Protein chains: 2
Amino acid sequence: MIDERKQRILQAIIDDYISSAEPVGSRTLARKHDLGVSPATIRNEMADLEMLGYLEHIHTSSGRIPSSKGYRFYVDGLIPPKPVTDEERALIDRWYKARVKRIDEVFQETARLISQVTRNVSMVLAPQVSQAAFRCLQFLPLDEQRVIAVIMTDAGFVENKIVGMPSGATFEDFQRMAGVINHCLAGCTLRSIQGPALKQIRDEIREESLYEAALEVIQRALDSEKRERLYLGGTRHMLEQPEFHDVEKIKDILLMLEEEELIKDILHAHMGDGLEVTIGQENENRRIKDCSIITATYHLDGELLGTIAVLGPTRMEYAKAMSLLEYMNTNLADVIRRFHW
Amino acid sequence: MIDERKQRILQAIIDDYISSAEPVGSRTLARKHDLGVSPATIRNEMADLEMLGYLEHIHTSSGRIPSSKGYRFYVDGLIPPKPVTDEERALIDRWYKARVKRIDEVFQETARLISQVTRNVSMVLAPQVSQAAFRCLQFLPLDEQRVIAVIMTDAGFVENKIVGMPSGATFEDFQRMAGVINHCLAGCTLRSIQGPALKQIRDEIREESLYEAALEVIQRALDSEKRERLYLGGTRHMLEQPEFHDVEKIKDILLMLEEEELIKDILHAHMGDGLEVTIGQENENRRIKDCSIITATYHLDGELLGTIAVLGPTRMEYAKAMSLLEYMNTNLADVIRRFHW
DNA sequence: GTTAGCACTCTTGGACGGCGAGTGCTAACC
DNA sequence: GGTTAGCACTCGCCGTCCAAGAGTGCTAAC
C-alpha cells in the first residue's frame with residue numbers, strides 16, 4: 001500500500017519540514033535529497049501520499065506539509081534514531097550534581113534540563129506524596145499553644161506543619177498521640193487513610209479533643225500535598241517557533257500553559273506505560289491541535305512516580321525528544337534514589 | 001513655567017493615551033475633554049509641551065505621546081487618585097482566606113492578586129529566611145545513619161533537612177549537639193552566624209567529627225534559604241498590551257522575566273522606603289525602557305521583609321497600581337502575622 | 001492671546017502587477 | 001508501465017501607486 005520509495009519520500013519531506021518549517025516542494029526535495037528520481041516523479045508520489053492522507057496542501061501550488069497521520073507514520077516507523085549524545089549525558093550529570101541540593105529541586109531542574117536539550121516546552125509532574133506510604137510522625141514542642149508536626153513518608157519526603165494544641169492538652173498528650181498514629185497508620189499510603197484506620201485511632205486515643213487534634217494533623221498532612229506539583233520549563237521556546245509568530249496564537253498557548261489543572265489533566269490522560277506520543281489532531285484539546293506531546297513515566301522500584309513530557313509544535317524533533325525522555329526517566333530514578341533511604 | 005492650562009492639557013493627553021494606546025491629536029482631545037479652548041490653541045500648547053520635553057512626536061503629523069518626563073510630572077502631581085474599591089478589598093480578603101493555608105503560599109497568591117487587579121505583571125520578593133533570627137533547632141531520629149534536623153526561625157518558618165550521622169555518633173550525641181547550638185546561636189540572625197559563634201560551638205562540642213556534623217547542619221540551614229524567593233504573576237497581561245503586539249518585543253520581555261537574578265537585582269535596586277515609581281527611560285536596564293515599575297516594601301513590626309511590585313508598559317494605570325500596592329503592603333503584614341507567633 | 005483656515009506630512013489600506021515556487025497534466029521516452 | 005520533460009496555471013509575496021484620514025505648523029484675522 002505504501003511502498004518503500006513512498007516511505008523514503010515521506011521521510012525526506014518530514015525531515016525537511018521539521019528543520020525548515022516551510023512547505024516542501026518536489027523540486028527542492030529532489031535537489032537536497034539524492035532520491036534518484038526526478039521532481040516530476042516525486043510530484044506523482046506526493047499526490048498519492050496526499051490522497052492517502054499523509055500529506056496536506058495549504059492551497060494549490062504550495063509545497064506539501066505532513067498531516068497528523070503523516071507524522072504518526074513517521075514516528076511509528078520512519079523516525080531516524082537520534083540517541084542522547086555523550087555531551088548531553090555529561091551536561092545532564094553535571095547539572096544535577098551542581099544544582100540539586102534538595103529533593104524538591106530535582107523536578108524543577110529536570111524540567112529545565114529537558115527544555116534546554118529539546119528546545120521545547122517541558123512538563124514534569126512530581127510524585128504525589130499522597131501515594132507514598134506513611135512512615136512516621138513526630139511532634140516537636142513549639143510554645144504553649146502549638147507544636148510542630150513532622151511527617152515522613154517512604155518516598156523520602158519530610159513535611160512539617162504547625163498545629164495548634166487544644167486548650168488543656170499538653171505536649172505529652174501529643175507524644176502519646178504520635179505513638180497511636182504511628183502504630184495505626186504504619187505502612188498505609190497517605191491516600192488510603194480512611195475510616196477504619198481512623199476508627200482505630202479514635203478507639204486508642206479515647207479523649208475527644210485529642211482525637212480532633214489528631215484528625216487535624218492527619219488532614220493537613222494529606223491535603224496540602226494532595227495535589228501533585230507541576231513544573232514547567234522553557235515556555236519561551238514556543239516564542240521561537242515560526243508557527244507561533246502570531247501574537248494571538250502564542251497568547252493562546254501561553255495562557256493554556258498557565259492553567260495548571262488543565263495541563264495536569266492532559267498529562268494524566270496521556271500517562272501510558274512507557275513513552276507515548278500524541279500528535280496534533282490526536283490531541284483532544286483543540287487548543288493544542290497544532291502541537292504534539294511526548295510523555296514518559298518514571299518509576300522507582302517498580303512504583304509509578306510521575307510523568308515527564310515535552311510539548312512542541314507538531315513539527316518538532318521527535319527523535320531527539322523521545323530518546324531524551326527515555327534517558328531521563330531512567331536517570332531520574334537514580335537521582336531520586338540519592339535522596340532516598 | 002508650566003501653567004495650569006498646560007497641566008490640564010498634559011493630564012488629558014496622558015489619561016487619553018493610557019486608556020487608548022493611540023497617539024492623541026489636538027482635535028480629538030478638544031472633542032473628548034471640555035477644555036474650553038479650540039484645537040488650534042491645544043496645538044500651540046502641545047508644541048510648547050513638546051519643546052519642554054513632556055511630549056513626543058513619532059513623526060510629523062501624528063498625535064503626541066507622553067515622554068518619560070511627561071509621565072514623571074503626571075505621577076508626581078497630576079495623577080487623579082484612584083483608591084482601592086470596596087469590591088477589590090473584599091476580593092483580596094476572600095482570596096487570602098480561601099487560598100492561603102501555609103505561609104509560603106502567601107507570596108504566590110499575593111502575586112496573583114496584584115496581577116489580577118492591576119492587569120499587569122506583578123512581582124513579589126518574599127522575605128529572606130536568612131535575615132530572620134534563629135530560634136531553635138531540634139533533631140528527630142530517622143534511621144541508623146541519619147537524622148532529621150528541624151530548624152525554626154523567629155519569622156515563623158520551619159525547615160527540615162535530612163543529615164547523615166558520622167560513623168560512631170549516636171542520636172544522643174546529636175541531641176547534645178542541638179543543645180549546644182541552641183545555646184550558642186540563640187537570637188542570632190541566620191545571616192550573622194559567623195566565626196565567633198562557631199568557635200564557641202566548637203569549644204563546647206569538643207569532638208571533631210561531631211563539630212563537622214554540626215557545621216554541616218548549620219551550613220545547610222543557611223545555604224538553601226540564602227536566596228530569597230521571587231514570585232511572578234500575570235505575565236500574560238503583557239501579551240495583551242498593544243505596544244507588545246510584536247513577537248520580538250514580547251519575546252524580549254518574557255525572556256527577561258525568566259531571568260530570576262536579574263529581576264531580583266532590579267527589585268533590590270528600586271527598593272526604597274515606600275512607594276517608588278520608575279518610568280520608562282529612567283530604568284537602567286534598556287530592555288525595560290518601554291516599561292514602568294512600581295515597587296513598595298512591606299514590613300512587619302518595623303522590620304523590612306520584602307518588596308512587591310508591578311511591571312507594565314509606561315502607558316500603565318499608575319493611579320490604580322500605586323494605590324493597590326499601598327494597600328497590599330499594609331495588608332500583607334496582617335496576613336503574615338496570622339502565621340506568626 | 002485665541003482661533004479659523006489652509007497647505008503639508010505621514011500612516012493606512014486597498015488595488016494592481018510582476019516574480020518565484022510549486023502543482024497537475026499531457027505527451028514522449030525507455 | 002513506470003518515468004520524465006515541458007508547459008500552462010495558481011498562489012503567495014512584495015513593491016508601487018493612490019486616495020482617505022488624521023494631525024501638524026503657520027499665517028492672518030479676531
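In what follows, chains are A, B, ... by sequence order, proteins preceding strands, each numbered from 1. Remember, predicted model here, so these are calculated numbers, not experimental data.
- Side chain A:Ser38 to base D:dT4: no donor-acceptor pair is found below 3.5 Å.
- When both distances must be under 3.5 Å, the Watson-Crick or G-U wobble mate of D:dA28 is C:dT3.
- Atom C1' of nucleotide D:dT10 and atom CZ of A:Arg27 are separated by 17 Å, given to the nearest angstrom.
- For A:Ala40, the side-chain atoms get nearest to D:dA5 when compared with the rest of C:dT2, C:dT11, D:dA5.
- The minimum heavy-atom distance linking A:Met238 with A:Ile250 is given by the pair O-CD1, 3.4 Å.
- For A:His59, the side-chain atoms get nearest to D:dG12 when compared with the rest of C:dG24, D:dG12, C:dT9.
- The distance from atom CZ of A:Arg43 to atom C1' of C:dT26 is 12 Å, rounded to the nearest whole Å.
- Put simply, B:Ser26 has a side-chain N or O that comes within less than 4.0 Å of OP1 or OP2 on D:dT24.
- One atom, CZ of B:Arg64, and another, P of C:dC10, lie 14 Å apart when rounded to the nearest Å.
- Atoms CD and CG, on B:Glu22 and B:Asp16 in that order, are 10.5 Å from each other to the nearest 0.5 Å.
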Stepwise, does the side chain to side chain donor-acceptor pair (under 3.5 Å) test hold for A:Tyr318 with A:Ser292? CA-CA 9 Å; A:Tyr318 293 95; A:Ser292 289; 2.7 Å; yes
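- In this structure, CD of A:Glu50 is placed 11 Å from P of C:dC25, rounded to the nearest angstrom.
- Rounded to whole Å, the distance from CD on A:Glu22 to P on C:dG22 is 10 Å.
- Nucleotide C:dC29 forms a Watson-Crick or G-U wobble pair with D:dG2, both donor-acceptor distances falling under 3.5 Å.
- Regarding B:Ile65, its CD1 atom lies at a distance of 20 Å from the P atom of D:dA22, rounded to whole Å.
- Nearest-nucleotide assignment on DNA chain C puts the 5′-proximal partner with B:Thr60, out of B:Thr60 and A:Met46.
- DNA chain C is contacted by both B:Ser61 and B:Arg5; B:Arg5 maps to the nucleotide lying nearer its 5′ end (nearest heavy atom per residue).
- In this structure, CG of A:Asn44 is placed 9 Å from P of C:dG24, rounded to the nearest angstrom.
- Going from atom CD1 of A:Ile14 over to atom CD1 of A:Ile9 covers 12.5 Å, rounded to the nearest 0.5 Å.
- When distances are taken from the side chain of A:Thr41 to each of D:dT3, D:dG25, C:dG22, the shortest belongs to D:dT3.
- Put simply, CD1 on B:Ile42 is 15 Å from C1' on C:dG1, counting in whole angstrom units.
- Using N1 to N3 plus N6-O4 or O6-N4 for Watson-Crick, or N1-O2 and O6-N3 for G-U wobble, each under 3.5 Å, D:dG12 pairs with C:dC19.
- Counting all heavy atoms, side chain and backbone alike, B:Val121 lies closest to B:Gly234 at CG2-O, 3.6 Å.
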